[in-house]
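For reference, the structure discussed in these notes is given below.
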Amino acid sequence: MKQLFVVQKPSKWTKTIAAAMLSISLMVPAVSASASSSASDAAKGKPLDAASASAFLDDFFASEEAKPHYVGASVVIVKDGQVLAQEGYGFADQENEVPVDPKSTVFRIASVSKTFAATAVMQLVEQGKIGLQDDFTKYVEDLEFNNPFDKPVTIEHLLTHTTGFEIRDPKPEDLHNDFEKVVEIDDYVRDNMPSVVREPGSVYMYDNFASMLLGLIVQNVSGQPYEEYMEEHIFKPLGMENSDFLLTGKLKDQLAVEYTPQHTVMEPYAVTPTVMPQGGMLSTAEDIGKFMIAFLNGGASGSNRILKDETVTAMEQYRSEIHPLLPNTTYGFEAPFQIPGAGSSSKIITKAGDLLGTSSYLFLIPEQNTGVFLTYNQTGALRNLFYPQFIATFFPQYAAPAALEAFEPQSEEELAKFAGHYSDLRMDIIVSAIGTEGEGDLVITDSFIGPRPLKQVDDNLFVDSMTNQFTGFKLDEEGNVLYMKEPYLNPMGYAKKGAKAAGFKDVAADHPFAAYIYPLQSLGYYENDADASFKPDRAVTRGEYVQSLLKLIKADPATASEQSAFVDLEGHEAARYVQIAHDLGVVMGNGKGKFYPDRPITRQEAAVMVYRLISAQYPPEAYADIKLAGSTDKWAVEAVQMMIALGLHGPEVTKTEDGSFDYHSKKVLNRAEEAAILYTSLTTPTDIIYASLAEKASGGQLEEQASEELPEAS
């Protein structure tokens, strides 16, 4: 669920793992899910002490719901300046049966590193060497980038993820196995510096690059390499003897083996830049416990102090929100996971992190003088199970139903301002569609979870009926909806509402494909100009289709291999996209044949390209009994069946009287039909559809499913 520092191919077709993580995140206990629970009942939690903390951990990690989600885990619970429990569970190395030791087993704590970068910055703020409202370029000389706004990006913006930067997440090649490679922070920043694309300070988007800049600023202002500064000013004063940003020496020897979600071993890897402030810290549960104790003690650890008390207080305060029940970030921390009915408590500050083969979660409850850190050597949602159970057991007051004032829901006409398509600011391939459904009601749908109703409870706040969690919207001064924050797909950022589609002069609102073309225009895939022509009946060429498909999944043409798989692509604008398609196995070529990029593509050829992208995710057994009418070549049958089964098409697909489907496979694909494939790929809950098909196929009911009405565009 958490998309903090995950490096993955920017492809919708890799959504299976994310969807599985989402389903886990919904498996939270019914803590205060009912508004009938009294506040006094909610306030009664089990006293947190050494015995109860250890018992909780033992029970949790032995539970059947937790076991599939970790190979090895390390956890520490602190309260009132003391370690209550510090335990390791499972294996740091399963094959050699090496147990996790919370004192010595090292984990990559991923984006929890950002909290330490913020701490270093705030130390320098205390010393007057950095100003929170300063333009950050004051501390990074001769840095060239585009900022069209009459407002600088400040240090505070970097700390609160409100920079307005174009997204710059780590690239796949930033994780590699060349342990001798050295890339400096400054060099990486200058080679990858993003433009500012939103007014600084105006909106929240989780920003890895901002935290890298903070590390560079610490380095520049202090005059010390970042890793040396952290050792001298944070790790050493706190006695954190097993923490560093360089994977060398004993830390490399003590690093936990990392695993895939399927519990298979991952190869060790290095990171770029070599010292990675935003996600490269290595540490142990014991060391993080020392940091939490100091932070909760106003920055002091014995006779040593890493922060002033007033600085700690400043770092505990949320600096932005879309609604009081949905805060965003402090200086160095972020809002906790939502708990049904309660939202995200502003009394709790957290930091989560993910890298390949590892996930972590740190959360502090300052008014309870309590901190918890969990890390495990498998990317996944164990923390989504752990956090609500811990809160329910010891501090259920933070899970009490939100005290919402009486509110008269708006009419369907008034709610129309929320309707439209929203794309995630960080990963715009994540698209949600919202429509109205009567007074006080919206319906939201996406390609991961499918449709669910939203009930209005405040001017800009709605309750998701599926889990009783909140979805909020940000409006401008005129009441126009700008952004949305929802609890599932990316709660660490906002989704931007698409512009009102202007339409095309040759695609009227009642055109049979307008339901696909207009949303793509709203989201920026097509020019938003009512005077422009779309040419819906024009044939799509092979090169154009590959380019559209690869752009949809955010393939970077710069990553294409240099050796061309075809002899007729030199100088063609689609050449690099075709090469990426070849690299992904979407098209086949041996470097001697032709691709014919300007030849119109048939519908069955287009279907096969999609099939090759996702067939491993959706094996044909579940839709093999779908009957096809018309003529389809044998090599395309499974692909066409899949496109029909998953609803990846428009109204051009017809059903005959005998229950078979005519995909019109050998006809040339036109632009309107291509739009239908692209739009449905973004918005159709294919995992849910496939799971239903698979279940029915196993029960011999697939034929009944296939004879149902074809899915329509939302």
Side-chain angles (χ1 to χ4, degrees), residues 11-13 421 423 428-429 431 433 447 498 501 503-508 511-529 532-555 557 572-574 577-578 580-581 584 586-587 595-614 630 632 636 639-640 642-654 661-684 686 710-714:
S11 166
K12 172 185 183 293
W13 314 116
H421 289 77
S423 60
D428 61 6
I429 197 167
V431 171
S447 67
F504 293 95
K505 63 183 182 182
D506 54 353
V507 180
H511 189 282
F513 285 85
Y516 311 95
I517 296 169
Y518 279 30
L520 291 174
Q521 186 181 43
S522 169
L523 293 168
Y525 286 89
Y526 301 136
E527 182 183 11
N528 199 13
D529 181 359
S533 296
F534 184 75
K535 301 178 181 178
D537 298 321
R538 181 178 69 75
V540 176
T541 68
R542 290 164 56 83
E544 287 173 335
Y545 180 75
V546 169
Q547 196 165 356
S548 295
L549 193 62
L550 272 291
K551 283 184 177 180
L552 185 78
I553 64 174
K554 305 304 174 187
H572 199 282
E573 67 172 323
Y577 286 100
V578 173
I580 294 175
L584 292 173
V586 175
V587 298
F595 181 73
Y596 301 104
D598 297 319
R599 189 174 72 189
I601 191 170
T602 65
R603 291 176 50 79
Q604 64 180 359
E605 286 178 307
V608 167
M609 290 184 188
V610 175
Y611 177 77
R612 287 173 177 165
L613 272 174
I614 63 175
T632 300
V640 169
M642 183 200 72
M643 299 291 281
I644 293 170
L646 298 182
L648 303 180
H649 57 76
E652 77 282 3
V653 176
T654 55
F661 297 90
D662 193 349
Y663 192 75
H664 309 285
S665 298
K666 295 191 175 183
K667 288 186 176 180
V668 169
L669 183 77
N670 64 35
R671 289 201 74 207
E673 294 163 354
E674 179 192 53
I677 292 174
L678 299 178
Y679 176 76
T680 55
S681 296
L682 282 174
T683 58
T684 302
T686 48
L710 292 169
E712 296 181 354
S714 56

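The first residue of the sequence shown is numbered 1, and numbering continues consecutively from there.
Contact check for Val507 versus Tyr518: side-chain heavy atoms found under the 4.5 Å cut-off. Side-chain contact between Val587 and Arg542 is absent, with no heavy atoms from C-beta onward closer than 4.5 Å. Looking only at side-chain heavy atoms (C-beta outward), Thr654 and His664 come within less than 4.5 Å of each other. Under the 4.5 Å side-chain criterion, counting only non-hydrogen atoms from C-beta, Tyr516 is not in contact with Leu682. Looking only at side-chain heavy atoms (C-beta outward), Val586 and Val546 stay at 4.5 Å or farther from each other. Counting heavy atoms from C-beta outward, Phe661 and Val640 have side chains that stay 4.5 Å or more apart. Contact of the Tyr526 side chain with the Leu678 side chain is registered, since non-hydrogen atoms from C-beta on lie closer than 4.5 Å. For the pair Leu646/Thr684, no side-chain contact is recorded, criterion being any heavy-atom separation below 4.5 Å from C-beta on.
Between Val431 and Ser423, the shortest heavy-atom contact is CG2-CB, 4.4 Å. When all heavy atoms of Val668 and Ala539 are compared, the closest pair comes out as CG1-CB, 3.4 Å. Taking both residues in full, the closest heavy atoms of Pro519 and Ala514 are given as CD-O, 3.6 Å, listed atom of the first, atom of the second, then distance. Nearest heavy atom pair, residue Ala639 against residue Tyr611, reads CB-CB, 3.5 Å. For the pair Asp529 and Gln521, the tightest heavy-atom approach, listed with the atom from each and the gap, is N-NE2, 3.6 Å. Looking at every heavy atom in both residues, Asn528 comes nearest to Gly503 through OD1-N, 4.4 Å.
In terms of the ring-ring contact (aromatic ring centres under 6.0 Å, His included) criterion, Tyr577 has no residue partners (sequence neighbours excluded). With sequence neighbours excluded, the residues satisfying side-chain hydrogen bond (donor to acceptor under 3.5 Å, both in side chains) with Glu652 are Arg603. Residues satisfying the side-chain hydrogen bond (donor to acceptor under 3.5 Å, both in side chains) criterion with Arg538, sequence neighbours excluded, are Glu544. Ala672 meets the side-chain contact (heavy atoms from CB on, under 4.5 Å) test with Phe513, Ile517, Pro536, Asn670; sequence neighbours excluded. In this structure Phe504 satisfies the ring-ring contact (aromatic ring centres under 6.0 Å, His included) test together with Phe534, sequence neighbours excluded. Scanning for side-chain hydrogen bond (donor to acceptor under 3.5 Å, both in side chains) contacts around Asp598 gives His572, with sequence neighbours left out.
Looking only at distances, no side-chain donor or acceptor of Tyr545 sits under 3.5 Å from a matching main-chain atom of Ile601.
In this structure, NE2 on His649 lies 11.5 Å from CD on Glu673, to the nearest 0.5 angstrom. One finds the CG atom of Asp506 at 8.5 Å from the NZ atom of Lys535 (value rounded to the nearest 0.5 Å). Here the CG-CE distance, from Leu584 to Met609, works out to 12.5 Å after rounding to the nearest 0.5 Å. Annotation: the span from Arg671 atom CZ to Asp537 atom CG amounts to 11.0 Å, rounded to 0.5 Å. Rounding to the nearest 0.5 angstrom, the gap separating the CE atom in Met643 from the OH atom in Tyr663 is 4.0 Å. Taking CG of Leu669 as the start and OG1 of Thr541 as the end, the distance is 10.5 Å to the nearest 0.5 Å.
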